[in-house]
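Notes follow the structure.
Quick note: residue numbers are just sequence positions, from 1.
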Amino acid sequence: MKCSECSNQASVELRYADKVLCARCFRVFFEERVRSTIEGSRLISGNDRIVAALSGGKDSVTLVKVLHEFASERPGVELVALTVDEGVRGYREKTLESASMICRELGVEHHVCSMEEEFGWTLDGICEATGGRIPACSFCGVLRRRLLNDMARKLSATKIATGHNLDDEIQTAFMNFVRGDVGRIARLGARVGVVSDSRFVPRIKPLRSCPEREVALYAVLNRLPVAFAECPYSVRAFRVVVRDLLNGLEEERPGSKLRLLETTDRLVSLLRGSAEHGSVGSCVSCGEPASVAKCRVCQMVEELSRRRRR
Ligand code: SF4
Ligand code: ZN
């Protein structure tokens, strides 16, 4: 079959767009979509210094590659990459290797920070201390977000870019619909969060309109050094149910995923329009932004210290 855009042999079918593309035209199509997400949602301005959160998996490696192209066409935009080492034996070593490799290949400045250095705990240590009773992801998500924000400020970044793709976005939205968590739905969107505070570095998601399958394909076609290791603490039971459901829907009605994203975005802007934009306070312990007296990070670290003393 011929490519819909040129006379080459087609190798990729995009049913929702009614197109078949050759590898070269697919790359152009993918990069244009990311560019249009960035420009349509005004994610990046002319003098941004962007920190890309780089785990070493396909999404974040693709993110760095595409942002690198984007930044190299705009002299005022700078890109650096940051990997958070959570301290998971046998997993992080592999992904760190991929992260360093893509940065070396592209000449992108790469920083690595570790939870152990920052909080005195590796994720393995946390799981040991809690005896696995609290899911590792609950600690990891909160501590990693803090670390990313801290490091982004230290690196004088104006934006943090993450590699969330279309599937991640609509799965999260759908899970929140099912849970009835309107507050979390309001925090979705191309720009994360409802509260703006100068201590928060704004987070952006340039790949959010790209289906996961296409991100993987782009990584393969560009021979990007991607680690396919999965974190041993990953517990995604509910997300897997939602993923399968949404994949089935897409199969039945191509284009459903993109329409779900558009509908979610419309809802998010309605919710944000009616949300109260109160200011956020400061944690009594660490001084970081907090909506209660003591932030979640300080609460977690104190609880872990108590367990260590027992
Ligand atoms: Fe952290 Fe959970 Fe992701 Fe593992 S799966 S890196 S524990 S958030
Ligand atoms: Zn605190």
Side-chain angles (χ1 to χ4, degrees), residues 50-61 63-64 79-104 108-157 159-164 192 199-201 203 225-236 282-290 292 294-310:
I50 305 162
V51 162
L54 174 62
S55 70
K58 67 176 188 325
D59 299 307
S60 63
V61 168
L63 174 78
V64 168
L79 175 70
V80 295
L82 172 64
T83 304
V84 174
D85 179 356
E86 299 90 350
V88 180
R89 266 186 309 272
Y91 160 69
R92 197 32 96 199
E93 297 86 339
K94 291 184 199 132
T95 51
L96 250 173
E97 220 174 278
S98 303
S100 318
M101 212 183 286
I102 184 73
C103 290
R104 263 201 314 275
V108 170
E109 187 181 314
H110 184 209
H111 298 263
V112 181
C113 57
S114 91
M115 281 194 192
E116 186 171 26
E117 272 168 32
E118 189 69 16
F119 304 113
W121 287 88
T122 62
L123 204 58
D124 286 336
I126 292 176
C127 291
E128 252 167 62
T130 60
R133 280 182 295 277
I134 307 167
C137 301
S138 312
F139 287 98
C140 186
V142 172
L143 300 181
R144 180 150 34 87
R145 244 190 323 276
R146 167 66 62 84
L147 202 40
L148 271 178
N149 196 62
D150 277 1
M151 284 299 293
R153 280 191 317 218
K154 280 185 194 145
L155 294 167
S156 310
K159 300 274 163 61
I160 297 172
T162 61
H164 294 88
V192 185
R199 292 168 293 178
F200 286 130
V201 181
R203 284 190 285 139
V226 166
F228 285 97
E230 183 160 11
C231 172
Y233 299 120
S234 165
V235 189
R236 306 173 349 131
S282 300
C283 168
V284 291
S285 250
C286 67
E288 287 294 317
V292 287
K294 199 172 275 183
C295 73
R296 292 271 313 277
V297 172
C298 288
Q299 287 179 30
M300 280 180 170
V301 173
E302 283 175 17
E303 168 60 19
L304 287 167
S305 311
R306 272 196 295 275
R307 284 174 188 265
R308 189 180 262 162
R309 282 196 297 269
R310 269 179 219 155

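Looking at E86, its side chain never comes within 3.5 Å of a backbone N or O of M115 through a donor-acceptor pair.
A search for side-chain hydrogen bond (donor to acceptor under 3.5 Å, both in side chains) contacts involving E109 returns H111, not counting sequence neighbours. Applying the side-chain hydrogen bond (donor to acceptor under 3.5 Å, both in side chains) criterion to Y91, with sequence neighbours excluded, gives no partner residue. Listed by chain and residue number, S114 satisfy the side-chain contact (heavy atoms from CB on, under 4.5 Å) test with E117 (two or more places apart in sequence, or in another chain). K94 meets the side-chain contact (heavy atoms from CB on, under 4.5 Å) test with A229; sequence neighbours excluded. Qualifying side-chain hydrogen bond (donor to acceptor under 3.5 Å, both in side chains) partners for T162, counting only residues two or more places apart in sequence or in other chains: H164. Applying the salt bridge (Lys or Arg N to Asp or Glu O under 4.0 Å) criterion to R146, with sequence neighbours excluded, gives no partner residue. Legend: residues meeting side-chain contact (heavy atoms from CB on, under 4.5 Å) with V301, ordered by chain and number and at least two apart, are F119, V297, S305. For E97, the salt bridge (Lys or Arg N to Asp or Glu O under 4.0 Å) test picks out no residue, with sequence neighbours left out. Residues satisfying the side-chain contact (heavy atoms from CB on, under 4.5 Å) test with S138, not counting sequence neighbours, are I134, P135. For D85, there are no side-chain hydrogen bond (donor to acceptor under 3.5 Å, both in side chains) partners, not counting sequence neighbours.
If you take CD on E118 and CG on L147, they are separated by 5.0 Å, rounding to the nearest 0.5 Å. Interatomic distance, E302 CD to L304 CG, rounded to the nearest 0.5 Å: 10.5 Å. Rounding to the nearest 0.5 angstrom, the gap separating the SG atom in C298 from the CD atom in E303 is 13.5 Å.
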Margin query: Show, in sequence, the C-alpha distance, side-chain angles and deciding distance for H110 and S100, and conclude whether the side-chain contact (heavy atoms from CB on, under 4.5 Å) test is met.
Written below: CA-CA 7 Å; H110 184 209; S100 318; 4.1 Å; yes
Note to self: V80 vs I50, test: side-chain contact (heavy atoms from CB on, under 4.5 Å). Steps then yes/no.
What the structure shows: CA-CA 6 Å; V80 295; I50 305 162; over 6 Å; no
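Every pair tested for side chain to side chain donor-acceptor pair (under 3.5 Å) that includes a residue from residues 127-137 fails, sequence neighbours excluded, so the list is empty.
Contact between V226 and G57 at its shortest, heavy atoms only, is CG1-C, 3.9 Å. Smallest separation of non-hydrogen atoms from Y233 and L123: CD1-CD2, 3.9 Å. Minimum interatomic distance between L148 and I160 (heavy atoms only, all atoms of both residues): O-CD1, 3.9 Å. Smallest separation of non-hydrogen atoms from C283 and A290: N-CB, 3.8 Å. The two residues S60 and G56 make their nearest non-hydrogen contact at OG-N, 3.1 Å. The two residues L79 and A52 have their closest heavy-atom pair at CD1-CB, 4.0 Å.
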Could you give the side-chain donor-acceptor pairs of residues 150-157 under 3.5 Å, partners two or more places apart or in another chain?
from, atom 1, to, atom 2, distance (Å)
D150, OD1, R153, NH2, 3.2
R153, NH1, R199, O, 3.0
R153, NH1, E288, OE1, 3.3
R153, NH2, E288, OE1, 3.2
R153, NH2, E288, OE2, 2.8

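Q299 places a side-chain heavy atom less than 4.5 Å from the side chain of V292. Side-chain contact between L54 and L82 is absent, with no heavy-atom pair separated by less than 4.5 Å.
Under 3.5 Å, the side chains of S55 and T95 contain no donor-acceptor pair of N or O atoms.
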